[in-house]
Amino acid sequence: MAIIVDLDVQLARRKLSVGEFAAAVGITPANIAVLKNGRAKAVRFTTLDAICRTLGCQPGDVLRWVPDEPPD
């Protein structure tokens, strides 16, 4: 998939641990790991809202689109 989740970058900038971040957002550290590792199939807008509130950022700071490689 061409959607990249840049939570690691945002957490590092704010010196937040996954545990602290998960508690602030209100989801489990395991679900944060699923997001960070690109294994999530969907993100609820309420979760994205909580992520952005906690990090003080825009959705585009956390999610970005990269085109897939064209078939040969």
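Judged by distance alone, the side chain of Q10 and the main-chain N or O of D61 form a donor-acceptor pair under 3.5 Å.
The local environment of CZ in R44 is sparse, with at most 12 non-hydrogen atoms from other residues, nucleotides or ligands closer than 6.0 Å. Other residues, nucleotides and ligands contribute at most 12 non-hydrogen atoms within 6.0 Å of the CZ atom of R53.
Taken together through direct or relayed side-chain contacts under 4.5 Å among Ile, Leu, Val, Met, Phe, Trp and Tyr, L48 and L16 form part of one hydrophobic cluster.
In this structure, CG in N37 is found 8.0 Å from CG in D8, a value given to the nearest 0.5 Å. Atoms CG and CG, from D6 and L35 in turn, are 12.0 Å apart once rounded to the nearest 0.5 Å.
Heavy-atom minimum distance, R14 versus L55: NE-O, 2.5 Å.
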Show which side-chain atoms of residues 18-29 pair as donor or acceptor with protein atoms under 3.5 Å away, not counting sequence neighbours.
residue	atom	partner	partner atom	Å
E20	OE1	S17	N	2.9
E20	OE1	S17	OG	3.3
T28	OG1	N31	N	3.1
T28	OG1	N31	ND2	3.4

Subject >> Check against side-chain contact (heavy atoms from CB on, under 4.5 Å), V5 and L63 >> reply: CA-CA 5 Å; V5 180; L63 302 172; 3.7 Å; yes
